[in-house]
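Order of the sequence lines fixes the chain letters, A, B, ..., with proteins taken first and strands second; residue numbering starts at 1 for each chain. The analysis underlying the following values was restricted to heavy atoms, covering all of them including side chains, and did not include hydrogens, waters or symmetry mates.
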Amino acid sequence: MKINLASTIKISLRALRVNKMRSALTMLGIIIGVAAVITMLAVGKGARTKIAEQISAVGSNLIIVLPGSTTAGGIRLASGSFQNLTRADADAIRNECSAVQTTAPVLNGGVQVVYGNQNWATTVYGTDENMLEVRDWTLAAGRNFYEQEIRSAAKVCILGQTVAESLFGNDDPLDKAIRIKKVAFTVIGVLNTKGQSMIGMDQDDIIYVPVTSAQRNLFGRWFAGSIRTIMVKAVNTQALERAEDQIRELLRQRHRLAPGQEDDFTVRNLTQMMQMAEQASKVMALLLAAVAGVSLLVGGIGIMNIMLVSVTERTREIGIRMAVGAKTWDIRTQFIIEALILSLIGGLIGVLLGIAAARMLSFFAEWTVSFSLVSILISFGFSGIVGIFFGFYPAYKASLMNPIDALRHE
Amino acid sequence: MALIETCNLEKRYDVGESVVRALDDVSVRIRAGEFVSVMGPSGSGKSTFMNMIGCLDVPSAGRYLLDGIDTGLLGPDELAEIRNRKIGFVFQGFNLLARTTALENVQVPLLYSAQRPKDFRDRAVSALKLLGLENRLDHHPNQLSGGQQQRVAIARALVNDAPLLLADEPTGNLDTKTGIEIMELFVRLNEEKKITIVLVTHEADIAACSRRIIRFLDGRIVSDQVN
Ligand SMILES: Nc1ncnc2c1ncn2[C@@H]1O[C@H](COP(=O)(O)OP(=O)(O)OP(=O)(O)O)[C@@H](O)[C@H]1O
Ligand SMILES: [Mg+2]
């Protein structure tokens with residue numbers, strides 16, 4: 001340990017400067033490796049963050065109940081042909097299933113809405129005052145439905161941000177009357193923005209109206225009380241499966257299905273589906289990072305190769321240093337530090353390049369990327385470890401030389 | 001007690017079928033403070049002998065005691081430390097580091113010593129001054145004449161103030177005048193600082209400066225006489 005670090009670093013830098021091109025090419029392996037790791041981690045993390053955002057945007061712990069059964073082949077019959085889910089089912093689930101926090105009915109359809117001379121095609125969801133809780137959604141302005149408005153089929157509506165902006169621009173929509181399918185509805189609230197859904201749909205392109213009003217004023221061909229979907233919020237993530245079982249049991253009972261008879265409804269767990277998607281993206285991100293890691297490894301092998309060449313070339317120098325008193329450790333640290341300098345400079349450039357590449361991806365390909373200081377430090381640190389690891393063997397080889405043989409080396 | 005003591009030292013090289021005996025049954029004692037010349041024709045084993053007593057090479061047979069320590073029992077790091085602390089070595093072929101200034105070359109032994117680096121530069125400068133190279137400090141070996149390179153190599157051997165100076169033809173590349181100046185320096189070091197000196201030379205008037213002359217022939221000592 002007695003050799004001083006400053007002079008070792010100076011010696012190493014001089015040695016690397018002598019073969020500028022060679023040092024640069026060796027570094028390139030590490031640069032590409034580290035840049036790839038940084039980019040892949042950023043892309044992978046970005047994808048995960050996006051999915052996580054989408055999960056929270058849909059609402060967490062969500063279960064949806066659809067009419068019609070899943071056939072053996074997994075193909076559900078067209079849901080429009082069934083009208084066997086009712087508001088009463090939704091209420092029963094809310095009241096009787098212990099694992100369920102709340103439910104909201106959905107009766108939806110595409111409509112044309114008009115305000116003044118503004119025209120907009122969107123989707124109307126007939127629902128009740130529980131919908132906002134089910135979807136973890138908050139209001140930007142105005143208020144939620146009153147229970148009384150649901151019962152009386154009041155012509156009131158809550159607008160998503162996209163609809164509000166399309167119809168009203170900068171004006172205040174509250175208490176204005178819009179025409180949905182030529183029926184006047186009064187705007188009582190505006191939702192906060194939620195952004196795109198996982199499949200890329202604009203979740204803010206939406207209007208909520210009382211489910212009763214939707215049935216009576218907009219979608220008249222539906223029987224009173226029958227609905228298209230029940231959205232269910234479980235009390236927590238752990239309760240999701242229990243909630244599903246309870247819902248299934250309750251609905252079979254309510255629909256008077258005999259044992260062995262197929263369900264006439266379908267229960268789906270949205271959170272699970274999205275968690276699967278998240279899992280898949282995690283695996284994907286890991287794979288990408290692994291591939292990038294391999295290129296870092298290849299860069300490391302490049303370092304080892306060059307260090308071996310360097311040790312052979314500088315055998316005489318090693319011999320001279322040993323002859324005047326350099327110990328095994330001194331020679332070893334010198335070559336390890338040289339490898340370390342190569343890999344750390346490469347790592348530093350790689351980090352910068354990786355960040356730039358990820359930025360470009362997010363700018364030109366509009367991918368979501370997300371950096372974390374930890375991942376940057378880890379890849380930089382890893383490049384250092386690669387340097388030490390692959391520098392060790394050549395350094396070890398150099399340190400084992402016998403001084404007189406090294407001095408006689410041609 | 002002798003500073004250098006070799007017992008039946010032997011160095012064999014197997015080259016193809018034949019065996020070269022570079023050293024053959026060499027037993028010699030050199031006391032601290034002696035000034036010894038080693039002479040002999042080319043290929044007689046002088047450099048091999050110097051490498052051996054400089055702890056750079058290991059014998060095929062026999063023992064070498066330096067300062068009473070059997071060097072055959074020491075590991076590479078202990079030998080390195082002995083080379084660093086006790087021995088200043090001037091190589092026949094200079095062995096300077098390329099692309100490294102004279103000043104830095106002379107500092108190399110100091111880097112591997114346990115000393116504090118603050119006076120390294122000063123010590124290297126004064127060693128180079130001693131050899132008349134004070135205005136060649138920043139020259140690389142390929143920017144120096146053969147004689148200047150040789151003097152840098154001598155400065156490097158002196159910089160650590162080692163008690164034993166081993167010089168393999170230190171004046172081989174120098175003109176007579178400079179050669180004699182170097183020899184006067186060696187004599188002074190030997191008398192004033194009591195540095196033990198063993199040097200290889202072909203020239204009788206150089207050897208005349210020393211007190212004792214050992215002659216080699218075919219790897220054997222053929223004469224050992226006080227001057
Ligand atoms: N590595 C080696 N392999 C084989 N033979 C060697 C080796 N090193 C030296 N020799 C042989 O050992 C003998 C002594 O060599 P050495 O270098 O000691 O001679 P020298 O007395 O220093 O000669 P010179 O005055 O020319 O420098 C020579 O015959 C040489 O061929
Ligand atoms: Mg010789």
Participant: Ignoring hydrogens and angles, state whether a donor on the side chain of B:Ser47 or B:Asp168 is under 3.5 Å from an acceptor on the partner side chain.
Facilitator: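 There is such a pair (donor and acceptor under 3.5 Å, judged by atom type) between the side chains of B:Ser47 and B:Asp168.
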
Participant: If you count heavy atoms of other groups shown closer than 6.0 angstrom to CZ of A:Phe371, is the number above 12?
Facilitator: yes

Participant: Between B:Arg12 and B:Glu10, is the closest basic N to carboxylate O distance under 4.0 Å?
Facilitator: yes

Participant: Pick from A:Thr328, A:Val324, A:Leu407, A:Asn402: which one has the most heavy-atom pairs with chain B under 4.5 Å?
Facilitator: A:Val324

Participant: Less than 4.5 Å apart, side chain to side chain, heavy atoms only: is that true for A:Leu342 and A:Ser23?
Facilitator: yes

Participant: Could you tell me which portion of B:Asn51 (side chain, backbone, both or neither) has an atom closer than 4.5 angstrom to a non-hydrogen atom of chain A?
Facilitator: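 It is the side chain, since no backbone atom gets that close.
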
Participant: Could you tell me which of B:Asp77, B:Asp57, B:Val58 has the largest number of non-hydrogen atom pairs under 4.5 Å with chain A?
Facilitator: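 Most heavy-atom pairs within the cutoff with chain A belong to B:Asp77.
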
Participant: Could you tell me which portion of A:Arg321 (side chain, backbone, both or neither) has an atom closer than 4.5 angstrom to a non-hydrogen atom of chain B?
Facilitator: both

Participant: Tell me, for B:Glu104 versus chain A, whether the close heavy atoms (under 4.5 Å) come from the side chain, the backbone, both or neither.
Facilitator: side chain

Participant: Quick one: what part of A:Arg17 sits under 4.5 Å from any heavy atom of chain B, side chain, backbone, both or neither?
Facilitator: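 Neither part; nothing is under 4.5 Å.
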
Participant: Taking all non-hydrogen atoms of both residues into account, name the closest pair between A:Ile30 and A:Gly299 and its distance.
Facilitator: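 Scanning both residues, the minimum pair turns out to be CD1-C, 3.8 Å.
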
Participant: B:Asn160, B:Leu56, B:Asn95: which one forms the most heavy-atom pairs within less than 4.5 Å of chain A?
Facilitator: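 The candidate making the most pairs under 4.5 Å is B:Asn95.
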
Participant: Using modelled atom types only, decide if a donor and an acceptor are shared between the side chain of A:Glu338 and the backbone of A:Ala395 within a distance under 3.5 Å.
Facilitator: no

Participant: Does any backbone or side-chain atom of B:Arg156 lie under 4.5 Å from a heavy atom of chain A? Answer side chain, backbone, both or neither.
Facilitator: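 Side chain of B:Arg156 only, per the 4.5 Å heavy-atom cut-off to chain A.
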
Participant: Strictly distance-based, threshold 3.5 Å: is any side-chain N or O of B:Gln149 a donor or acceptor partner for the main-chain N or O of B:Leu144?
Facilitator: yes

Participant: Which region of B:Leu96, side chain (C-beta onward) or backbone (N, CA, C, O), has a non-hydrogen atom less than 4.5 Å from a non-hydrogen atom of chain A, or is it both or neither?
Facilitator: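 Backbone only.
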
